[in-house]
Engineer: 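Here you go, one structure.
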Amino acid sequence: MTPRAAIERADGVLGPRIEQVVCHEGFAIAVGLLHRTRHDVGRQAQRAVGSLMHLVNLPTRTDVDRLLVQVGSLERQLRELSNRLDDAADGE
Amino acid sequence: MPFLFGHTRRLRDRVGCDLGEAARRASNGLRMLAGHDEITLGHTPRHAVWRRDRVTLWHYPSGSRQRGVPVLIVMSLVTTPAIFDLRPGMSFVEVLQQAGFDVYLLDWGVPDVVDAGNTVESYIDEYIPRAARAVLQHAGTDGLSLLGYCLGGTLCLLTAAGHPDLPVTSMVLVSTPIDFTQMGPVSDLLLRVDIDQVLDETGNVAPSVVANAIKVVKPTGDITTWLNLWDSLPHHAVLTAHRALMTWASGHIPFPGAAAKQLADLLVRRNLLAAGAVPLGGRMVDLSAITCPVLNLHGDKDNLVPPAANAPLRRVLANADLTDVPVRTGHVGLFFGRQATKVAIPTMVSWMSRHSPAEEDE
């Protein structure tokens, strides 16, 4: 048996079983729970680290992300205004 | 004795052949590892004819335009549109040009923090209709043909239904999902995972999350990919084609967060598209408003958009002249590979030619 045939045979046996697992509702629930837990744990950790960093007046990643979103939102408003001006100039 | 000589000669030839293949495999493999033969996608000459925000409308001029209706290609929001123009000789755009079509391609660019607020309306009420009008103006025609791939097809449908004033003369839908609850593990994940929890710091769904969600559909797909790479190593042309496809397939782009949340709610949790009407932009976008001829091409073996996810199209397009063509292939196989070259692409080109009169006929 060639290496390719062996791998294909293994894939043929294992593949459908793995697909069965990921297609099961339980898999989606597990991934959902995992994401929620990771998100919650990450937030707790960031909060703990953040309060320490704020003690010494240092910005945290959350602060930087918040600023990034605010700058993005401002840039978006600017873009929309600029688009409206362009549309008005085009006579729409 | 002559039998023995013949046997030795065959053995010698076989060893020579195997050694030659091994040498070519080693040489091509080393060249690939060393970063030689860098794969660049998209070789067909094009120029931008319209831009808005991150979106660019590209025009691929046809040397001899014979068709009266230009084609506007709309890609999904999860990958780049490079699949339409991978390499010379492996380009759908090239085939359309050769058939005499004037080709336009809508490129979403790479969304960033500013685009995180893009909603479904941004695409169906702003970008696509404006790009379509830019096409009409640039081509100097009264009508255009829309071609959407995957979620791009869904966006085409919603645009055409929401803007009956747009002169869409025909529409080609390739692997287009309608019933989003039938998309296997992807729909299960969208139902169970809160989109807010998978947004990155820019407010978009990160490309890695998109890639992993697609990987869930075929968990052992990477093994097949590596095996195909191993098989293609001795043949330079096959290797280049394989690498071009892999370069495209791994090039996911961030999915705008606002649109992702809206799609998960409207199309997955409430499954409204399968019912035929979706509330968007303060009105009901009803797919029965589409009356133009529609070609629906879908893969029998498509794991990402299974036939069941596409099936309600016949019901929701109640007033359209629908041609349904199943092809014995998967999601990507409709644009790449043997089934694409032999069945899918010729079917599209011939159907589009029938629905786009030759210029002198007009």
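Letters go in sequence order (proteins before strands), and every chain restarts at 1. Please read these numbers as outputs of a predicted model, since none were measured by experiment.
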Engineer: Is it true that, when you exclude A:N57 itself, more than 12 heavy atoms of the residues, nucleotides or ligands shown sit nearer than 6.0 Å to its CG?
Structural biologist: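 Atom CG in A:N57 is not packed in, count stays at 12 or less.
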Engineer: Do the charged groups of A:D87 and B:R52 touch, with an N to O distance under 4.0 Å?
Structural biologist: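 So A:D87 pairs with B:R52 through a salt bridge.
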Engineer: Under the side-chain hydrogen bond (donor to acceptor under 3.5 Å, both in side chains) definition, can you give me all pairs with a residue in residues 27-48 of chain A, not counting sequence neighbours?
Structural biologist: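 Of all non-adjacent pairs touching residues 27-48 of chain A, those that pass side-chain hydrogen bond (donor to acceptor under 3.5 Å, both in side chains) are A:Q46-A:T62.
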Engineer: Of all heavy-atom pairs between B:V113 and A:L68, which one has the smallest distance, and what is that distance?
Structural biologist: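 Answer, listing the atom of B:V113 first, then A:L68: CG2-O, 3.7 Å.
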Engineer: Spell out the residues in residues 70-86 of chain A that have some non-hydrogen atom less than 4.5 Å away from a non-hydrogen atom of chain B, in order of number; otherwise answer 'none'.
Structural biologist: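 So the qualifying residues are A:G72, A:E75, A:R76, A:R79, A:N83.
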Engineer: Are more than 12 heavy atoms from other residues, nucleotides or ligands located less than 6.0 Å from atom CD of B:Q197?
Structural biologist: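 Yes.
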Engineer: Excluding sequence neighbours, so at least two apart, what forms side-chain contact (heavy atoms from CB on, under 4.5 Å) with B:Q339?
Structural biologist: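 side-chain contact (heavy atoms from CB on, under 4.5 Å) check on B:Q339 returns B:V327, B:R328, B:T329, B:V343.
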Engineer: Using non-hydrogen atoms and a 4.5 Å limit, figure out which bit of B:D200 sits close to chain A: side chain, backbone, both or neither.
Structural biologist: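 Neither part.
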Engineer: Counting only non-hydrogen atoms closer than 4.5 Å, does B:N212 touch chain A with its backbone (N, CA, C, O), its side chain (CB onward), both, or neither?
Structural biologist: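 Answer is neither: B:N212 stays 4.5 Å or more from chain A.
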Engineer: Just so I understand: if I count every heavy-atom pair under 4.5 Å between each of B:L191, B:V193, B:V186 and chain A, which residue has the most?
Structural biologist: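 Option with the top pair count is B:V193.
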Engineer: Tell me whether the count of non-hydrogen atoms from other residues, nucleotides or ligands lying under 6.0 Å of CZ in A:R9 goes above 12.
Structural biologist: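 Incorrect, the count does not exceed 12.
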Engineer: Measuring heavy-atom distances to chain A, does B:D112 have an atom under 4.5 Å in its side chain, in its backbone, in both, or in neither?
Structural biologist: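 Neither part.
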Engineer: For B:L189, which atoms come within 4.5 Å of any heavy atom of chain A: side chain, backbone, both, or neither?
Structural biologist: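 Interface part for B:L189: both.
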Engineer: Check each atom of B:S122 against the heavy atoms of chain A and say whether the ones under 4.5 Å are side chain, backbone, both or neither.
Structural biologist: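 B:S122 touches chain A through side-chain heavy atoms alone.
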Engineer: I need the contact set between residues 13-24 of chain B and chain A: heavy-atom distance under 4.5 Å, sorted by residue number.
Structural biologist: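 Against chain A, none of the residues of residues 13-24 of chain B fall inside the cut-off of heavy atoms under 4.5 Å.
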Engineer: Where does B:D194 contact chain A at under 4.5 Å (heavy atoms): side chain, backbone, both or neither?
Structural biologist: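 Neither part; nothing is under 4.5 Å.
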